[in-house]
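Before I ask anything, here is the structure I am working with.
Order of listing sets the numbers, starting from 1, for every ligand and every atom in it. Throughout, numbering of the chain's residues begins at 1 and tracks the sequence.
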Amino acid sequence: MNTFEVVIGLEIHAQLQTKTKAFCFVPAIFGDKENTQVGPVSGGLPGALPVLNKEAVHLAIRAGLALGCQINEKSVFSRKNYFYPDLPKGYQISQFDEPLCGIGQIEVEVEGSKKTIGIQRIHMEEDAGKSMHLAATSLVNLNRSGTPLVEIVSQPDIRNAAEAVAYLKKIHAILVFAGVSDGNMEEGNFRCDVNLSVRPLGQKEFGTRTEIKNLNSFRFIEKAIEFESARQIATVSSGGKVIQETRGWDSAAGKTFSQRTKEEAHDYRYFPDPDLPPLLLTPEFIEQIRSEMPELPDAKRERFEKEYSLNSSNAELLTASKDVAAYFEECVAAGATPKAAASWVLSELLREIKEVEGADIAQSPISPQQIAELIALIEKGTISGKIAKTVFAEMFVSRKSPKQIVEEKGLVQVLDEAAIQAWIQQVITENPSIVAEYKAGKEKVFAFLVGQVMKLSKGKANPAVLGDKLKAALKGT
Ligand code: ADP
Ligand code: MG
């Protein structure tokens with residue numbers, strides 16, 4: 001197996017988060033009732049003229065800048081001609097030989113080592129509609145027709161599934177942080193074609209590639225790459241030839257399958273769209289967009305480490321998602337100490353959200369202000385860390401504020417030394433043999449005695465006071 005090298009290039013299609021379609025005034029809302037979001041241009045009515053959406057241009061440039069690409073001051077929209085029922089015009093408006101963005105690159109980390117992956121180009125295009133094939137009929141839904149996309153084409157720099165997934169996740173995060181795309185993969189707003197070939201190790205020329213179309217989950221992409229690499233290596237090893245073709249991914253079978261032999265660019269009869277003038281940008285316009293760039297994941301992670309003194313792993317986890325990062329910063333803004341907020345968000349909150357709610361953090365039933373309030377109760381000594389976990393679980397169920405829960409359930413930590421002293425006396429009296437063991441030097445049993453006192457206090461004794469008092473009491477016996 002290891003006498004072959006796998007070569008991969010990815011084409012990512014990301015839907016731009018615009019209010020309306022790329023060349024038509026109709027709202028870009030895919031999820032509505034079928035065929036309700038269709039206008040003269042996106043429905044392909046003869047004679048309807050396209051008008052370029054400025055917001056789409058803005059977001060596409062932002063994507064290019066965020067991915068370190070050069071932005072071309074002149075780019076051209078071309079017609080890519082093909083016939084398919086979900087393409088009513090008979091052509092897709094895309095860009096061909098003069099795309100909006102030229103080369104760029106991003107750095108990814110795979111198993112601890114860094115790797116740079118080149119980007120060939122980014123161009124703007126419109127999406128097609130969606131076909132649904134039922135048993136006896138096929139249906140077409142044009143709601144998606146004409147929504148604006150960027151296609152991001154990588155250099156063939158990727159060598160395995162892990163690198164491909166790291167590259168995709170990084171670009172996904174950058175586009176979402178930049179506000180370019182919502183990145184929703186289930187709805188197909190971020191999807192990927194995998195171009196893959198194999199060659200004997202040491203050979204300079206690339207082998208013949210296949211293209212696996214329309215993968216919309218990181219897991220499927222990984223599986224498809226693993227399957228296709230093994231398939232091509234087996235083919236070549238047994239003296240066969242890889243056929244240049246387009247393949248699909250059958251997720252149920254875990255296999256790629258042949259769809260059609262691959263078309264060449266000239267089959268599409270690309271030509272500049274006569275209805276759209278070249279897109280000309282001024283350097284000032286591009287600089288304006290650069291100056292409005294939201295904070296990107298790497299910058300945010302570095303800032304979190306510095307500004308909040310977080311360790312790199314917590315900073316990384318908190319900035320893996322835009323919503324989680326925003327939530328954390330709201331906790332801090334509400335007065336929470338950053339380290340405590342990081343730990344409550346990362347361990348308790350995210351776990352509960354996954355287990356109980358099945359929702360994402362943006363819909364969290366617990367607000368950042370409530371997390372800050374809970375942390376303040378611990379830090380003031382009103383409740384112990386242990387009780388705080390009970391309060392936290394209760395917050396999820398009752399949606400009440402931590403203060404209210406602590407008051408209603410009488411969970412205020414006991415600092416009263418006389419009360420703690422009384423529980424200690426009771427434990428010492430009831431456990432003479434263990435006390436004897438402790439006095440004989442078996443210090444491990446101390447934790448057990450602490451536990452017994454805690455139990456009597458129903459978890460409410462202040463741990464620091466308890467520890468001090470118990471030590472003193474044991475000395476005195
Ligand atoms: P097309 O438009 O026909 O899909 P491109 O030249 O735009 O062709 O290439 C598409 C993708 O395929 C790019 O990401 C590129 O890096 C990748 N690619 C090109 N040749 C190979 C190859 N032999 N093996 C693997 N990937 C390749
Ligand atoms: Mg392609």
Side-chain angles (χ1 to χ4, degrees), residues 4-14 63-64 67-69 72 75-82 91-106 108 115-126 128 149-168 170-171 190-215 221 224-233 235-236 241-249 256 258-271:
F4 284 93
E5 181 176 48
V6 177
V7 173
I8 300 166
L10 300 176
E11 292 163 274
I12 298 172
H13 288 92
L67 297 172
C69 290
N72 295 322
S75 64
V76 172
F77 288 98
S78 287
R79 291 187 180 181
K80 180 179 182 182
N81 299 281
Y82 66 92
Y91 60 86
Q92 177 193 26
I93 305 176
S94 182
Q95 294 184 312
F96 182 52
D97 46 1
E98 294 185 77
L100 179 67
C101 312
I103 57 168
Q105 61 179 48
I106 65 162
V108 297
K115 166 150 186 169
T116 300
I117 294 169
I119 292 171
Q120 248 171 39
R121 57 188 268 148
I122 303 179
H123 63 256
M124 295 182 71
E125 61 183 29
E126 56 174 348
L149 306 176
V150 277
E151 177 171 337
I152 303 162
V153 184
S154 85
Q155 306 281 13
D157 288 346
I158 298 163
R159 292 289 170 270
N160 55 48
E163 287 179 12
V165 170
Y167 168 84
L168 287 163
K170 180 114 189 204
I171 291 195
F190 183 93
R191 52 189 200 263
C192 164
D193 302 339
V194 174
N195 294 270
L196 188 148
S197 63
V198 298
R199 62 180 169 189
L201 258 187
Q203 177 180 303
K204 268 228 158 70
E205 307 78 51
F206 289 145
T208 304
R209 72 179 144 128
T210 61
E211 180 171 356
I212 312 161
K213 283 278 193 197
N214 270 328
L215 296 157
I221 291 161
I225 288 176
E226 277 161 9
F227 177 87
E228 185 63 12
S229 308
R231 188 190 71 85
Q232 290 191 18
I233 290 170
T235 303
V236 176
K241 274 205 166 96
V242 173
I243 302 164
Q244 182 168 344
E245 62 183 355
T246 299
R247 297 178 71 85
W249 168 247
T256 66
S258 175
Q259 283 184 316
R260 54 177 191 263
T261 53
K262 172 132 179 80
E263 55 290 306
E264 303 285 340
H266 61 248
D267 295 330
Y268 289 116
R269 300 277 169 207
Y270 278 101
F271 64 88

Looking only at distance, does Pro156 have an N or O less than 3.5 Å from an N or O of ligand 1? yes
Enumerated ligand 1 atoms positioned under 4.0 Å from heavy atoms of Glu211: 4 (O)
Is Arg199 salt-bridged to Glu205, cutoff N-O under 4.0 Å? no
Leu10 contact mode with ligand 1 (heavy-atom cut-off under 4.0 Å): backbone
Looking at Val153, which atoms of ligand 1 are within less than 4.0 Å of one of its heavy atoms? 13 (C), 14 (O)
Hey, are the side chains of Ile93 and Met124 touching, using non-hydrogen atoms and a 4.5 Å cut-off? no
Of the options His13, Lys80, Gln95, which is the one that meets Glu125 in a side chain to side chain donor-acceptor pair (under 3.5 Å)? His13
Which atoms of ligand 1 sit under 4.0 Å from any heavy atom of Val7? 24 (N), 25 (C)
Does the residue Arg121 have a heavy-atom contact with ligand 1, meaning some pair of atoms that are separated by less than 4.0 Å? no
Can you tell me how far the CZ atom of Arg79 sits from the OG atom of Ser94, to the nearest 0.5 Å? 13.0 Å
Does Gln155 approach ligand 1 within less than 4.0 angstrom via side chain, backbone, both or neither, non-hydrogen atoms only? backbone
Numbering the atoms of ligand 1 from 1, which are under 4.0 Å from a heavy atom of Ser154? 13 (C), 14 (O), 15 (C), 16 (O)
Just so I know, are the side chains of Val7 and Arg159 near enough to count as touching, which here means a heavy-atom distance under 4.5 Å? yes
Going by atom types only, do Asn81 and Arg269 share a side-chain donor-acceptor pair under 3.5 Å? no
Provide the number and element of each atom of ligand 1 under 4.0 Å from a heavy atom of Gly207. 23 (N)
